[in-house]
Number of protein chains: 2
Amino acid sequence: MARAAGVSQTTVSLVLGGNKQGIVLQEATRERVLEAARSLGYVPDPAARSLATARNSLMGVFSFTATFPTDVQHSYYPLLVGVEQEAAAQGYDLVLFTGSSASGPEATTPEALDRVRLADGCLFLGRHIPSRELRRLVDDGYPAVHLGRRDELEGLAWVGADYVSASADVVRRLAEAGHRRIVLVREDDDAPASTDRERGFLEGLEAAGLPGGPAAVVRTAEPAAQITAERIRAWRAEGITAFVAEETDTGGAWRALLGAVGAAGLTAPEHLSLALLGSPPADLAAGPEPTGFDVPRTELGATAVRLLVSVMSGEDLKPPEPLVSCAFRAGTTAGPPPPAGG
Amino acid sequence: MARAAGVSQTTVSLVLGGNKQGIVLQEATRERVLEAARSLGYVPDPAARSLATARNSLMGVFSFTATFPTDVQHSYYPLLVGVEQEAAAQGYDLVLFTGSSASGPEATTPEALDRVRLADGCLFLGRHIPSRELRRLVDDGYPAVHLGRRDELEGLAWVGADYVSASADVVRRLAEAGHRRIVLVREDDDAPASTDRERGFLEGLEAAGLPGGPAAVVRTAEPAAQITAERIRAWRAEGITAFVAEETDTGGAWRALLGAVGAAGLTAPEHLSLALLGSPPADLAAGPEPTGFDVPRTELGATAVRLLVSVMSGEDLKPPEPLVSCAFRAGTTAGPPPPAGG
DNA sequence: CCTCTCAACTAATGCGCATTAGTTTCAGGG
DNA sequence: CCCTGAAACTAATGCGCATTAGTTGAGAGG
């Protein structure tokens, strides 16, 4: 290539590399190189380039499960939309590490995680990422950002949705609408996403001066079987007028609630109010819009990318707010409680 | 790293590189290297590796539009599911090239395409990929596979759905049900996917001995405005008893057909039969299941990966069949034609 | 006891580029 | 006519690895 243009390899590199050093070049020379490159179809080898510069404009995405789950209800997609958009904007290409999905979570080897070092930095999704390996990456100074709250790993940067505030806000609105007794139905899972919602729920009750405590939270491993029409009636008899369900992958709690309410011959918001702490599963999209909040997954993804970029740039400035706010969704399943004794 | 394990860099390379040369190594040495690598979290630099070997276990995915479109109706997702699964199975990680989505299709620079050279091979989606650049890649011997029929670029491997056969099959079944006059409604687009469907439709008519010709195909740029209730009535008066719509990103033709039929106060399959050459848009999933066929997108993605792997391995053996069959979907919108004069 | 042959490594080289030290050329100044 | 200095390049080096030539050490054979 250099010989073809009649100049040195250095000059070619300079011309094609953008000449950040501000070295003076004759316009004629520049043209000659450009012309030669064009006619030869020459393109600087990206591999060699990244070898020489120690960076390759690749941003990793690692998830314990398949990045593209077969289960369409999965919530990764909107995240990835944001990740891709922002990564593109920042000039990075994405590397999807498939190591974990190859042969099931159990078979994931520790080395699989090391492969992410291929990228300049990496985003991690899912709380099942092995702590040990992740810790080593972080300790080694490898730029990593976790999508979703992940406090137990000190030094690991993360971004998450502010479930606490959003949940509290839903409760506040229910209280303002006149509800005095509210129950949270949650599944038997201790993910941060669940814990945060419960915490926000309880904080919301307290802020509104409503009764909280264990009685306000129903935790069940099998919502469909345990949340029955009878139980709903009993709760109503106790004076409970609003029910809040947490959002999960399956939407189990919400489904159970809808089912039981329907089976009891009741409707929302006429007889009682229902709220969902998150977005409804895709297959329920056609039904009534649940009152609750939307997790800004796309924004979450974009925020994560920005955070990762800042980590990669070596800045130690911890971004002040890793929490992204969720927007309240009015929906149609909640309203004022029915007249007392109704 | 080498120093840490007390061996030479060569030995490390041998151990970690799989030792394809069959050089004899002491098990103890091997272990020592492995252990050192583990404790240091050392991973061979992929850039250097690919510089030296010209391969890096990375498979590219390049699409002209964003790989994760905001428009949920988009059909990339199922493709990617298949691509990810198969890539993982074959031991490749995926690189999503975002160059095209960064600033809109128009701003895509030719060099963006060259960046794919970073990967060992690349999958291309979307027919808007600049031919010139793609051609150069192919001519340079770069392993490329196009998802979707793409004949005009000689030497470019591709996999696509067999729309011709599937469409002909739908027509055959309609004919067998008793329909004698069938019309295809298609949009004004010359994508191979559209052309193939029309061809299959016409072949199907011919095979069934039914009247074909230009009159059997309605091509419209604005289906919603041009396919009206009156037009449906006029067609029925002419003796047409079945309507077939092509599937597109927007599902425009199908929507228009459904709308017009409804506006005319008709229902399928009672008054007439409707068929969709593909899958219905997501937002119509709740409605009646259209008779037609399903494009096996996931399988298509997996097939593309397998093809790419074979191309990368340097085998010249052209896989005999780049076409993946679409499965007929009975659906509920088609049946026998109504009694003559009904 | 010395050469020969394996076994088991190690030294050296190059991949294609970015980058940092030069090197050459030419115009003025003295 | 020599010296200085800027302009416009070029030579050399190293990134981290794979690979190809060695090199060393330990028996085996004579």
Side-chain angles (χ1 to χ4, degrees), chain A residues 1-37 40-58 91 111 114-120 140-142, chain B residues 1-37 40-58 91 93 111 114-120 137 140-142 312 314:
Chain A
M1 165 62 203
R3 0 298 167 196
V7 298
S8 72
Q9 179 263 320
T10 304
T11 306
V12 173
S13 178
L14 242 28
V15 173
L16 266 29
N19 189 6
K20 311 289 184 192
Q21 302 77 36
I23 290 181
V24 192
L25 286 180
Q26 203 125 294
E27 183 58 24
T29 308
R30 223 181 74 83
E31 281 307 325
R32 196 147 37 89
V33 173
L34 252 23
E35 177 50 35
L40 295 191
Y42 167 87
V43 165
D45 181 324
R49 209 162 183 156
S50 61
L51 216 212
T53 59
R55 51 200 336 288
N56 54 23
S57 293
L58 287 179
E111 302 92 65
D114 275 325
R115 180 142 167 89
V116 305
R117 291 176 193 259
L118 178 151
D120 291 342
D140 284 358
Y142 181 82
Chain B
M1 164 62 203
R3 1 297 166 196
V7 297
S8 72
Q9 180 262 320
T10 304
T11 306
V12 173
S13 179
L14 242 29
V15 173
L16 266 30
N19 190 5
K20 310 290 185 193
Q21 300 79 36
I23 290 182
V24 191
L25 286 179
Q26 204 126 296
E27 183 57 23
T29 307
R30 223 181 74 83
E31 282 306 326
R32 196 145 38 87
V33 172
L34 252 23
E35 176 50 35
L40 294 188
Y42 168 88
V43 165
D45 181 321
R49 201 163 189 159
S50 67
L51 217 212
T53 62
R55 53 190 351 302
N56 56 19
S57 291
L58 287 179
D93 286 320
E111 303 93 64
D114 277 320
R115 180 144 167 88
V116 304
R117 290 177 194 257
L118 183 145
D120 292 342
L137 284 175
D140 285 358
Y142 181 81
M312 286 190 286

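In the text below, chain A, chain B and the rest are named by the order of the sequence lines, each starting its count at 1. Predicted, not measured: the structure shown is a model, and the values here were computed from it.
The distance between atom CG of A:Asn19 and atom P of D:dA7, rounded to the nearest whole Å, is 14 Å. Between A:Gln9 atom CD and C:dG14 atom P the separation is 16 Å, expressed in whole Å. Atom CD in B:Glu27 sits roughly 14 Å away from atom C1' in C:dA8 (whole-Å rounding). Atom-to-atom, CG of B:Asn56 to P of D:dC15 comes out at 21 Å; the value is rounded to the nearest Å. To the nearest angstrom, P of D:dA7 lies 12 Å from CG of A:Leu25. Look at CG on A:Leu51: it is 19 Å from P on C:dT13, rounded to the nearest Å. Nucleotide D:dG14 holds its P atom 18 Å from the CG atom of B:Asp45, rounded to whole Å. Rounding to whole angstrom units, CZ of residue B:Arg117 and C1' of C:dC17 are separated by 15 Å.
Heavy-atom distances to DNA chain C give each of B:Ala52 and B:Thr11 a nearest nucleotide, and the one nearer the 5′ end belongs to B:Thr11.
Applying the 4.0 Å criterion to OP1 and OP2 of C:dG16, one finds that A:Arg49 has every side-chain N and O outside that range. At the phosphate of C:dA18, OP1 or OP2 sits under 4.0 Å from a side-chain N or O atom of A:Ser13.
For B:Thr10 against C:dA11, a side-chain N or O and a base N or O form a donor-acceptor pair under 3.5 Å.
Looking at heavy-atom distances under 4.0 Å, A:Val12 makes no contact with the nucleic acid at all. Contacts of B:Thr29 with the nucleic acid, taken as non-hydrogen atoms under 4.0 Å apart, involve only primed sugar atoms and P, OP1 or OP2.
Side-chain contact check for B:Asp140 versus B:Arg117: some heavy-atom pair is nearer than 4.5 Å.
Comparing D:dC9, C:dC17, D:dG16 by their nearest atom to the side chain of A:Gln26 picks out D:dC9. Listed nucleotides C:dC17, D:dT19, D:dA18 differ in distance to B:Leu14; the shortest reach to its side chain belongs to D:dT19.
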Worked check of side chain to side chain donor-acceptor pair (under 3.5 Å) between B:Thr11 and B:Ser8: CA-CA 5 Å; B:Thr11 306; B:Ser8 72; 3.1 Å; yes
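For B:Arg32 and B:Glu35, the salt-bridge test fails: no basic side-chain N is under 4.0 Å from an acidic carboxylate O.
A:Asp120 places a side-chain N or O within 3.5 Å of a backbone atom of A:Ser57 that can act as its donor or acceptor partner. Panel note: side chain A:Asn56, backbone A:Leu118; a donor-acceptor pair is recorded below 3.5 Å.
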